[in-house]
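Read the structure below first, then the notes.
Only a predicted model underlies this, so the values are computations on that prediction, with no experimental measurement involved. Atoms within a ligand are numbered from 1 in the order they appear, just like the ligands themselves. Computed over heavy atoms, backbone and side chain alike; hydrogens, waters and symmetry mates excluded.
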Amino acid sequence: MSFIHNWLRADIQEINAYHVPCSDNLIKLDAMESPFALPDELISQYLAYLADAQLNRYPSPSAEELNQTLRDLMDIPKEFGVLLGNGSDELIQLLALACDTDDTILSIEPSFVMYDMIAKFTRLNYQGVSLTQDYKLDLNSILESINKHKPKLIFIAYPNNPTGNTFDRIAIEKIINMTDAMVVLDEAYYAYAGDSFISDIAKYPNLVVLRTVSKIGFAGLRLGLLISSQEMVSELDKLRLPYNINILTQVSANFLLKEKDEINKNAAIIIEQRQILSDALKQIEGLLAYPSQANFILFKAPKAQELFDYLKANGILIKNLSGAPKLTNCLRVTVGDNDQNKQFISIVKEFYSLKMNNND
Ligand SMILES: *Cc1c(COP(=O)(O)O)cnc(C)c1O
């Protein structure tokens, strides 16, 4: 047996690593990235701004300017605290690190896989509660599971990934009210949704909201936010590694995220494209597109695996969920720009017309 296999925790050896498929030369519609690159007219200004970054120094430990930039961009009231993470993934991990041995993380299924993975990394218990057949919250099962497992942390992605929908707000408020757990509303897709729990932070001491800039055009920066009461943030801040937001991210974000109009304009284009894409998918016979409040669409398609392969062979990468529990024959496509979406739809149509003609 090799050294590492003797040495490593057995439960970690059993985990499958988070798999990121190769996307070279493919149109990337698999990871909810924005299709919009930096506008040309901003590039030279941005580079001049970057040139001032003092790479020989540690970055600002509290990242105050960046904190303010994000508050302005996302309209976060000043009475709330904001904790920054190297992506919101880091903040999910930080919340897990704040738990005690034997504590339980509860989430819904299907949802974002990192809640379960991070529970495993940090040796916490994980409890998943199934959504209903049409991916709605099953409030009774959730309340039952809370009573039975007494979770310390509850994650609800709102809108949910990979299903794309938001949930009944009243049901979520009931959960927040009845549990002793910290309830984390993960609003990674806030820019594409019609609702948010940010203002509810004032009402509920056990409510935390997560956001990220990954899905609004800046996945490469790795920058996420935890928003809650000032008191909660100052306690949780003890678990943050010093200088977790590197100087290139801080400087870049302070320049790029001040372009609020541009960012909002791009989000509006994606929302418009989402409607066009969803309508086009629904017109394809046999295909079921789920309603989305995010920048992606989950759809159920006959011969999903074959369709996925056909798209890839024709230069388009989407996400294949067809083998995952409760997602039989489901694929997830990120909303791209007009050209990308058109290409995607035309290849999907081509696939089904070939299939029909072959009659298999
Ligand atoms: C993409 C995603 C994240 C990860 O965000 P990062 O800031 O890139 O780490 C978190 N939560 C959900 C629900 C997501 O879909």
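- Looking at Met114 against ligand 1, nothing comes within 4.0 Å, counting heavy atoms.
- Residue Tyr115 places no N or O, backbone or side chain, under 3.5 Å from any N or O of ligand 1.
- Here the protein heavy atom with the shortest distance to atom 12 (C) of ligand 1 is Asp186 OD2, 3.4 Å.
- For Phe351, the ring pair (Phe, Tyr, Trp, His ring centres under 6.0 Å) test picks out Tyr310, with sequence neighbours left out.
- Remark: ligand 1 atoms within the under-4.0 Å shell around heavy atoms of Lys215 are 1 (C), 2 (C), 3 (C), 4 (C), 14 (C), 15 (O).
- Within the set Ser88, Ser111, Pro159, the minimum heavy-atom distance to atom 6 (P) of ligand 1 is found for Ser88.
- Residue Asp102 qualifies as open at atom CG: its count of foreign heavy atoms under 6.0 Å is 12 or below.
- Within the listing of ligand 1, atoms 6 (P), 7 (O), 8 (O) sit less than 4.0 angstrom from a heavy atom of Ser214.
- Assignment of Gly224 to the shell around ligand 1 is not supported, since no heavy atom sits closer than 4.0 Å.
- Among residues two or more places apart in sequence or in another chain, the side-chain hydrogen bond (donor to acceptor under 3.5 Å, both in side chains) test is passed with Arg169 by Glu173, Asp195, Asp200.
- Rounding to the nearest 0.5 Å places CG of Leu239 at 9.0 Å from CG of Leu241.
- The protein atom (non-hydrogen) at minimum distance from atom 9 (O) of ligand 1 is Arg222 NH2, 2.9 Å.
- Against a heavy-atom cut-off of under 4.0 Å, Asp89 is close to the following atoms of ligand 1: 4 (C), 9 (O).
- Applying the ring pair (Phe, Tyr, Trp, His ring centres under 6.0 Å) test between Phe296 and each of Tyr290, Tyr192, Tyr189 identifies Tyr189 as the sole match.
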